[in-house]
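Residue indices begin at 1 and follow the sequence shown. Only this structure's heavy atoms are used, side chains among them; waters, hydrogens and symmetry mates stay out. Bear in mind the structure is a predicted one, so any value in this text is a computation, not a measurement.
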Amino acid sequence: MALETWVHDGDRYCLQSTYVKGDEAWYFELSEARPAVWTASPRHDGFLAGPAVVTVIAHAPAVEKPPYVHFDGTQEIPFDVLKHFAALVTTTLADEDTQPSDSD
């Protein structure tokens, strides 16, 4: 699992991503970042993912299922944050170095 955070207009957001071998799919979640008061992890600047605003599930090409998106209808995010999230997801899916190997 990977967590990436960034700041937009003074608010911190995060992308949490993981590949689930059994599903042969990437799961990406966009959320507001929450301070992790019990730890100051240098990897995440002391922040953890909050409740997901957007979830993207993208199956491996061999699965032959289209990716899909789920939006939490109770939260709002700026459109620029959504665009940044989409760019990060696209980059991860296009980067062969981030794809799991058959031996994993």
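If you chain together hydrophobic residues whose side chains sit under 4.5 Å apart, Val7 and Phe79 never meet in one group. Val69 and Leu82 fall within the same hydrophobic cluster, defined by Ile, Leu, Val, Met, Phe, Trp and Tyr side-chain heavy atoms under 4.5 Å apart, directly or through other members.
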* Run the side chain to side chain contact (heavy atoms under 4.5 Å, CB included) check on Phe28 and Leu88 step by step: do they pass? -> CA-CA 10 Å; Phe28 300 96; Leu88 292 172; over 6 Å; no

* Please assess Tyr68 against His59 for the test side chain to side chain contact (heavy atoms under 4.5 Å, CB included), listing each intermediate value before the final yes or no. => CA-CA 9 Å; Tyr68 57 94; His59 290 86; 4.1 Å; yes

* Dump the intermediate steps for side chain to side chain contact (heavy atoms under 4.5 Å, CB included) on Leu15 and Leu3, then the final yes or no. => CA-CA 6 Å; Leu15 161 69; Leu3 183 71; over 6 Å; no

* Asked: Does the side chain to side chain contact (heavy atoms under 4.5 Å, CB included) test come out yes or no for Leu30 and Val81, once each step is laid out?
  -> CA-CA 9 Å; Leu30 168 63; Val81 171; 4.0 Å; yes

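For the side-chain hydrogen bond (donor to acceptor under 3.5 Å, both in side chains) test, residues two or more places apart in sequence or in another chain that qualify with Asp23 are Tyr27. Residues that satisfy the salt bridge (Lys or Arg N to Asp or Glu O under 4.0 Å) test with Asp9, not counting sequence neighbours, are absent from this structure. By the side-chain hydrogen bond (donor to acceptor under 3.5 Å, both in side chains) test, Glu24 is found to be paired with no residue, residues two or more places apart in sequence or in another chain being considered.
Considering NE2 of His8 and OH of Tyr13, their distance stands at 6.5 Å, rounded to 0.5 Å. Interatomic distance, Arg12 CZ to Trp6 CH2, rounded to the nearest 0.5 Å: 11.0 Å. One distance of note links CD1 of Ile77 with CG of Asp72; it measures 10.5 Å at 0.5 Å rounding. The OG atom of Ser31 sits 12.0 Å away from atom CZ of Phe47, with the distance rounded to the nearest 0.5 Å. Expressed to the nearest 0.5 Å, how far OG1 of Thr90 lies from NZ of Lys83 amounts to 13.0 Å.
Heavy-atom minimum distance, Tyr19 versus Ala60: OH-CB, 3.9 Å.
Checked by atom type and distance alone, the side chain of Gln75 pairs as donor or acceptor with a backbone atom of Ala52 at under 3.5 Å.
The closest side-chain heavy-atom distance from Ile57 to Trp26 is not below 4.5 Å.
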